[in-house]
Amino acid sequence: MKINLYNSNTKSKELFVPIDSKKVAMYVCGPTVYSFPHIGNARGPVIFDVLARLLRREYKLTYVRNITDLEDKIYQAADEEGVDISEITERYTKIYQDDMNALGVKKPDIEPLATEHIGEMIEMIQGLIDKGHAYQNQDHVFFNIDTFSDYGFLSNRTEEEQISGARIKSSEIKKNQRDFVLWKPSTGDIPGWESPWGYGRPGWHLECSAMAKKYLGKTLDIHGGGSDLLFPHHENECAQSMCSHSGKPLANYWVHNGMIDFDNVKMSKSEGNLLLIRDLLQEIRPEVIRMAFLTTHYRKPINWNDALIIDSEKKLDRLYGSIRKLGHISPGEPSGGVINALADDINTPKALSELFAIVKKINNAKSDEESKQLASILIGSANLLGLMNESAETWFDDLNIDVDEALIERLLNEREEARSNKDFGRADQIRQEIESLGVSIEDGPNGPVLMKN
RNA sequence: GGCAAGGUGGCAGAGUGGUUAUGCAGCGGCCUGCAAAGCCGUUGACACGGGUUCGAUUCCCGUCCUUGCCUCCA
């Protein structure tokens, strides 16, 4: 299997060749745990989950996704609620993990906490100071950008561009206004650790560099994250890591997922248009959300709206519909078409079209035997995308609405009686009544089947 | 202003230098008491203007428009 990935660094699709032909090291920037994750927070995890599933077919993958439990917004949240910082971080870490699990995102191999790696960070800062890439000033330590001539290579920004575009106020304690903080002092209730530069805490970008190095080595095969992290977060990670590791690249392949828009406006805290996963799951089944993500190629924006949800649900209806009458089917080997689509820069829309091609074959199959064989391939293929995790029975039975089952049962019996008496006017009347309750009826060879409207 | 992505049929959304995406919706059949589901067939597209080419939706240039990043953000 040859995998091609779009590398943000070179802005082109490249053949993926890991450093070790048997192993792959992948690091993805995880959440800052200070509030409920929103739908945008889930896109990356779902995409990288698909990539991980694909990679595991071929390689021994070590997938690391960090938890940032060390950040000023967390302290602010704790302060506002009047609770301990750990209460905030533990609560939202749990919620994040639960939400991801609901969406069928498998756990990464390692989920390190920033607060458990302060030692590694201090060590990295010291190394940078020793090499002349960082300097201390007024209890702060800054990365000295002027010592890294490649600064800006990842996000493709020249120095002039960074300065002309920047609205950062020039700081008196920095040598260059683009220098970023590696260590800063902590006062009051803000947590801190003892360090050679006084009591304080690390700057934002450092944790990823330190943890990536610890668990995966100096150069990663794949580094992933949202496209909005490209600058400055990943640029700064690169600077720190490369200067710490005598110029070795931090990652060979940079993979960035696109954002989710809401009415064509980016969903973000500052826009105040956050859609929480938790709230969404009240109304929508998790697999529908996952399908909605996979409908669009990962690098493009997704516009989130009701039509997308309805569409996604119907796609799943078609997938599950094809295996509905076949009983229990075990997942088989995924189809080559699906694997190839995913291997081509995670082309999930193409992979879905391959799934529907199998559905068509199942529906056209001449025998049950043939259908079942194809269904096994379908499920195995869909599983690679993290779809079709339940049985068709569960999918269609899960009406997910409040219904008076006894009432429907009674109406159903009444209708069957009318039908057997060829009183079709009455039968249709009852069907309408049932449909007004949110349930539709399908008459099949084995009697009527209920479906959600 | 700089950097980057994109404008595909009614909607969503892949892809391609020359013939089919796919899903939903529509239309005509089959099936059904009627429907639904399923099947068969079918309408319908590549922002605009140039250029390269035997031929461009696909490559190049320009125009218009949309979006993201440049500041915490997935």
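The chains referred to below are lettered A, B, ... by the order of the sequence lines, with proteins before strands, and numbering in each begins at 1. Values in this document were obtained by computation on a predicted structure and should not be read as measured data.
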Which is true for [X] with a 4.0 Å heavy-atom rule: it touches a base, it touches only sugar-phosphate, or it touches nothing?
X: A/T295; answer: sugar-phosphate
X: A/D72; answer: nothing
X: A/K315; answer: sugar-phosphate
X: A/F356; answer: sugar-phosphate
X: A/L229; answer: sugar-phosphate
X: A/H297; answer: sugar-phosphate
X: A/R426; answer: nothing
X: A/D428; answer: base
X: A/R324; answer: nothing
X: A/R419; answer: base

For A/P45 against A/M100, the heavy-atom pair lying closest together: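 Looking at all heavy atoms of both residues, the closest pair is CB-SD, 3.7 Å.
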For [N], what is the paired nucleotide under Watson-Crick or G-U wobble rules, both distances under 3.5 Å?
N: B/rU71; value: none
N: B/rG55; value: none
N: B/rC64; value: B/rG7
N: B/rU43; value: none
N: B/rC31; value: none
N: B/rU22; value: B/rA12

Check: A/Y253 ring centre within less than 6.0 Å of A/F16 ring centre: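 Yes - the distance between ring centres of A/Y253 and A/F16 falls below the 6.0 Å cut-off.
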Per A/N364 side chain, nearest of listed nucleotides B/rC40, B/rA35, B/rA14: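 Between B/rC40, B/rA35, B/rA14, the one nearest the side chain of A/N364 would be B/rC40.
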A/E442 side-chain proximity, nearest of B/rC34, B/rA37, B/rC69: B/rA37
Donor-acceptor side-chain pairing of A/E14 and A/T10 below 3.5 angstrom: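 A/T10 and A/E14 do have a side-chain donor-acceptor pair below 3.5 Å.
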Any donor-acceptor N/O pair under 3.5 Å between B/rG68 base and A/D228 side chain: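 Looking at the base of B/rG68, it does not pair with any donor or acceptor on the side chain of A/D228 (distance under 3.5 Å).
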hbond_proxy A/R318 side chain to B/rC24 base (donor-acceptor, 3.5 Å cutoff): no
Residues in salt bridge (charged side-chain N to carboxylate O under 4.0 Å, His left out) contact with A/K213, at least two apart in sequence or another chain: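 With sequence neighbours excluded, A/K213 shows a salt bridge (charged side-chain N to carboxylate O under 4.0 Å, His left out) to no residue whatsoever.
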Qualifying side chain to side chain donor-acceptor pair (under 3.5 Å) pairs, either residue in residues 364-382 of chain A, two or more places apart: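 Matches after skipping sequence neighbours: none remain.
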